[in-house]
Amino acid sequence: MLKRTKMSDPVLAGLVQEELERQEHNIEMIASESTAPLEVMELSGSVFTNKTLEGYPGRRFQAGSQIADKVEELACKRACELFGAEHANIQSYSGSTANYSVYASILTPGDKVLSMRLDQGGHLTHGSPANWVSKIYQFDFYGVDPETELIDYDAMEKKAKEYQPKLIIAGASSYPRIIDYKRIAEVAKEVGAYFMVDMAHIAGLVAAKVIPSPIPYADFVTSSTTKTFCSARSGMVFCKAEHAKLLDKGTFPGALGSIQLHTMAAKAWSFQYAASQEFREIMEQVVKNARCLAEELTKYGFRIVSDGTDNHLLVADLRSKNITGKDFQNALDSIGITVNKNMIPFDPQKPSVTSGVRIGLTAVSQRGLKEPEIREIAGIMNQVAEAPDNEENLKACKAQAQALIARFPLYPEGAFED
Ligand code: DSN
């Protein structure tokens, strides 16, 4: 790996090697992460990175697009077939820019948007005051029911009727349950709003058909292509045929510049791979593993937000263990288990501390971990939570975590040998 970089920049090559080893020896459970297949790495590093192109196949602003056009057409065709979508625009660079493309397509400054609260599972680009879109459009928010911690659809409907948004957004970065897209689509129709679903976290599960798809219900569906989709660090947008022209114009020249053909090629490969039996089995195991971890942590006395999970992630409320999200994240990191601190609904702690952690099962499932290993991980997590400051305890936990993950290589042996 990095044969040339090793000679021209050994410092940087060394850092890449260190990161490979960190990932290899750690149990990676950040819910937005996955492991890119080697083909995705190859294509992301291919000569397509040299080509600058704006516009769409047959309507480019630069010459030399003959081959690139074929890549984009192939990517869009495969994407539509995989997700059963009427139209796809694969030019987004990320999930965030996918969302910006839709905003640029249908909103004008001052328009009203209704989305899910960030501190109850939403996303920064859905109108958080910290994100620039909040300065352009007027956002209001819906959230979860305090008892069930499920989306409060009645309250959302009431708010939509009062607020009269032009766009309603569903989709989240830390919501462990299936979203009732049909219900939200009905509300959007009733108030005359567009309906957009950001499926970034669950796109792989949707592609593999292990959870319901938002595609039949939403006007626009956006996504990143990492997370459960396990592809390049990039994005994609789908829409109904009637919105195709709006979306394409909103994406380029509305929101983005020249396309990134190298990641587009990688995405095209993934649209084929995600239809495979191998991918489907991994996604099925992701959901089984998430459920297993939720059940096991519950047995150890953790409280799981919404009492479980339907997808690839769970949010554990740590208050019964008398440890904050920040401290638990750091203690787990010190023994080689990587998670992130996360707000629980109605969290009394501030976002930099939090009462919870979000745990994702995609990367470990790709490595082949199944229920027996997940049960072992739950035990290690509990042992860390019980004595997070005890060096001997942490040392024993680290040894156990490393021995476990060593049995499941990140990439096949020799994958990166020169
Ligand atoms: N929103 C961040 C996450 O879910 O981790 C990154 O996409």
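Numbers here simply count residues along the sequence, with the first being 1. Computation of the quantities below employed the complete heavy-atom set of this structure, encompassing side-chain atoms and omitting hydrogens, waters and symmetry-equivalent molecules. Everything numeric in this text was worked out from a predicted model, so none of it was measured. Start at 1 and go down the list; that is how both ligands and their atoms are numbered.
Shown here is F346, whose CZ atom has more than 12 heavy atoms of other residues, nucleotides or ligands within 6.0 Å.
V286 approaches L361 most closely through the heavy-atom pair O-CB, 3.9 Å.
The closest side-chain heavy-atom distance from I344 to R319 is below 4.5 Å. In this structure, K321 and N382 have side chains that are in contact, with non-hydrogen atoms separated by less than 4.5 Å.
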Open item on the list: Run the salt bridge (Lys or Arg N to Asp or Glu O under 4.0 Å) test on E371 and R375 for me, step by step, so that the C-alpha distance in whole Å, both residues' side-chain angles and the decisive distance to 0.1 Å come before the verdict.
Closed with: CA-CA 6 Å; E371 287 88 338; R375 283 192 274 275; over 6 Å; no

For ligand 1, list all ligand N or O to protein N or O distances below 3.5 Å, rounded to 0.1 Å.
from, atom 1, to, atom 2, distance (Å)
ligand 1, 1 (N), H123, NE2, 3.1
ligand 1, 4 (O), H201, NE2, 2.7
ligand 1, 4 (O), R358, NH1, 2.9
ligand 1, 5 (O), S32, OG, 2.6
ligand 1, 5 (O), R358, NH2, 2.7
ligand 1, 7 (O), K227, NZ, 2.9

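The backbone N or O of Q383 sits less than 3.5 Å from a side-chain atom of N393, completing a donor-acceptor pair.
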